[in-house]
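To start, the structure itself, in structure tokens.
Numbers restart at 1 for each chain; the letters A, B, ... are given by sequence-line order, proteins then strands. None of these values were measured; they are calculated from a predicted model.
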Amino acid sequence: MAQITTEPNSAELAEGGLSPRQGRRWLRLLMQDKKAVVSLIILLMLIISAIFAPLISPYDPTSMAFDMLQSPSLEHLLGTDDLGRDLFSRIVHGARISLFVGVSTVAISLILGVTLGLLAGYYGGWLDNLIMRYIDLQWAFPNFIIAVYLVAIFGTGLENVIIAVSLAFLDDFARIARSMVLFLKEEEYVIAARSLGASDARVLIWHVLPNALAPIIVQATVSISYAILAEAGLSFLGLGVKASTPTWGLILSDARTFISRAWWLGVFPGFAIMLTVLGINFLGDTLRDILDVRETGEVSKR
Amino acid sequence: MTVYILRRSFYALVVMWAVATLVFFMLRAVPGDPLQAMLFDVGDPQAVEQLRRKLGLDQPIYVQYFLWFGRLFQGDLGNSIYGSRIEVSRIIAEAFPRTISLATLSFFVALILAVPAGLISAVRKNSPLDHGFTFVAFLGLSMPDFWLAILLIIVFAVNLQWLPAIGYAPLSQGFWPWLSHLILPSIAIGTAFSAILARMIRSAMLEVLKSDFIQVARSKGLLERQVILKHAFRNALIPVITVIGIAFALLMAGAVIVENVFAIKGLGRVLIQGILNRDYPVVQGAILVVSAIFIFSNLLVDVLYAMIDPRIELEK
């Protein structure tokens, strides 16, 4: 399953972490890649709709009107739903929840997973055993299934979905962080830092982590797209946010009832999800090339 | 080899036990008494107390654990807390063949889409056709399966009316009724996997086409078609076998969502309905069976792979 190889060669490591000069070099490389430009345009659109949703959307996404199930027109760009709510406004507002859940879950997941992986790899022994047995257990299942299991345990609702998705994705980060530590632990500069009396925390945060960042960044990008898909899926199944909140998954779920009369309800929200995921995947691809992170499995599990 | 299989099977059993134990304790550690949820409409504290004793819930948790495990070994997963309190094992026995039918058919859909696309992409590398397939594969991977399911329903069930929109017909009602209900859900589930598979076949083929024996086959004067299909494709299939494990994970995860779109009462729908109804025995049973399928298929893939490539050893 999804695995990013985590044994960079020393030449790559010598270049080191993320200096501002390299940042500019990467930005230049990013702009040369057509796929990257497309992805940046998509993501920019998405971020702008999320931030300025109330300004962009022509109607209140929750206000009902008597124009029920209207097909797309100049008045309602993407039509209206069964309660007369404007679909375009709802999709624009939906970007907020999708982006918020995608980014926040991956942030939590990254912090937890990387911490667990660093501890396991650095200290080894029983701690490594304990952490990795759990990570292996979770690894045996697709992330989405783990998220469903956790929602089954914690209950439904937006907060629980965020907790569930965060926990469901941490195994990817833990495995990457652990194998990076195992590799970097033997590097001379780490050994040097240790022999100079640097504390474990200092070694891990200042010497190991910066050099492990590239594969973690690539994984985080990929994970955001899968986290957005997972949130949409859970909302679609009715396990996520409460009804009336405009999220892409929920709009699609409601659309099923009116599928024979209102095709637009079934088409546009899903298109928004696909475009978002496509944009993030393109970005992930570009980052992988630029940061020179090799992949073994090629495949990410959902 | 035998030792490896035994060790790997033992490991699978340990994982299964760990999952069962985790599920047991976590479902009980979460705030909210399942009994209260069960009896929310009764509102009689005495009745709650009675039922608690009857179900053994007044016992210490470790005693409950052993009792539960004992029943589990007899195939007793408890009863649904709703309606006629039907046995969970019966619900699952009915759902199981539906999910398996769906997963198998999805796998074939993925093969039908992926093999030609992967082969053509490799043979006509960097042609417009290759770029086209690459783009479609990217779309397939980015498309949520439940959205694809809705699109398929709109086109083939609502507009063209070729296939039924929802439901399931068992094989005993005839082959076509069974198949017609499963075609759309299988395409919805299989598409994402076919995208991955096509990419894998393409890169495996490109790798093989570079090797010496292909040059030999060509220099013998064999037709290009024979070289591609007989020599290259067969060898390219070996690395592709590794993705079968991923296939199962993807197809099962897909089934959990897509069954709910098409109202097919398979394991995924049983699980989700159980969660929505807070029907704990059903949720627990469904999680155990879905997990068992994953663990067993992982085991199967590992053993198969060890048979193909004897150098592989148990890492963990």
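- Pairing each heavy atom of Pro144(B) with each of Gly270(A), the nearest pair is CD-O, 4.5 Å.
- Residues Leu237(A) and Phe146(B) fail the side-chain proximity criterion, which asks for heavy atoms closer than 4.5 Å.
- A heavy-atom distance below 4.5 Å is not found between the side chains of Trp263(A) and Asn159(B).
- For chain B, the option among Ile273(A), Thr156(A), Val267(A) with the highest count of heavy-atom pairs below 4.5 Å is Val267(A).
- Closest of all the heavy-atom pairs between Asn281(A) and Ser142(B) is ND2-OG, 3.5 Å.
- Contact between Ala140(A) and Asn298(B) at its shortest, heavy atoms only, is O-ND2, 3.5 Å.
- Of all heavy-atom pairs spanning Ile287(B) and Ala152(A), the tightest one is CD1-CB, 4.3 Å.
- Here Ser9(B) pairs with nothing under the side chain to side chain donor-acceptor pair (under 3.5 Å) rule; sequence neighbours left out.
- Annotation: the span from Ser291(B) atom OG to Ile146(A) atom CD1 amounts to 8.0 Å, rounded to 0.5 Å.
- Distance check, rounded to the nearest 0.5 Å: CD1 of Ile153(B) to CD1 of Ile259(A) gives 4.5 Å.
- In this structure, Tyr149(A) and Val23(B) have side chains that are not in contact, with every pair of non-hydrogen atoms separated by 4.5 Å or more.
- Nearest heavy-atom pair across Leu151(B) and Gly266(A) is CD2-O, 4.3 Å.
- With rounding to the nearest 0.5 Å, the separation of CD1 in Ile150(B) from OG in Ser253(A) is 7.5 Å.
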Next item on the list: Just do the side chain to side chain contact (heavy atoms under 4.5 Å, CB included) check on Val148(A) and Ile275(B) with the steps written out, would you?
Entry: CA-CA 9 Å; Val148(A) 171; Ile275(B) 296 173; 3.9 Å; yes

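- Distance check, rounded to the nearest 0.5 Å: CZ of Phe141(A) to CD1 of Ile295(B) gives 4.0 Å.
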Notebook entry, point to check: For Asp136(A) and Tyr11(B), what are the C-alpha separation, side-chain angles and deciding distance, and is it a side chain to side chain contact (heavy atoms under 4.5 Å, CB included)?
Noted result: CA-CA 12 Å; Asp136(A) 284 346; Tyr11(B) 178 70; 4.1 Å; yes

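- Only the side chain of Phe294(B) comes within contact range of chain A, with at least one heavy atom under 4.5 Å from a heavy atom of that chain.
- Put simply, CD1 on Ile145(A) and CG on Leu271(B) are 7.5 Å apart, with the number rounded to the nearest 0.5 Å.
- Heavy atoms closer than 4.5 Å to chain B are found in both the backbone and the side chain of Leu252(A).
- Sorted by first and then second residue, the side-chain hydrogen bond (donor to acceptor under 3.5 Å, both in side chains) pairs involving residues 37-46 of chain A (not counting sequence neighbours) form an empty list.
- Ranking Val283(B), Ile166(B), Leu22(B), Leu276(B) against chain A, the residue ahead of the rest is Leu276(B), based on heavy-atom pairs under 4.5 Å.
- With values rounded to the nearest 0.5 angstrom, Met143(B) atom CE is found 11.5 Å from Leu229(A) atom CG.
- Using a 4.5 Å heavy-atom threshold, the side chains of Leu141(B) and Leu278(A) count as separate.
- Looking at every heavy atom in both residues, Leu139(B) comes nearest to Met274(A) through CD2-CE, 3.9 Å.
- In this structure, Phe271(A) and Trp147(B) have perpendicular ring planes: the angle between them is above 60°, well past the 30° mark.
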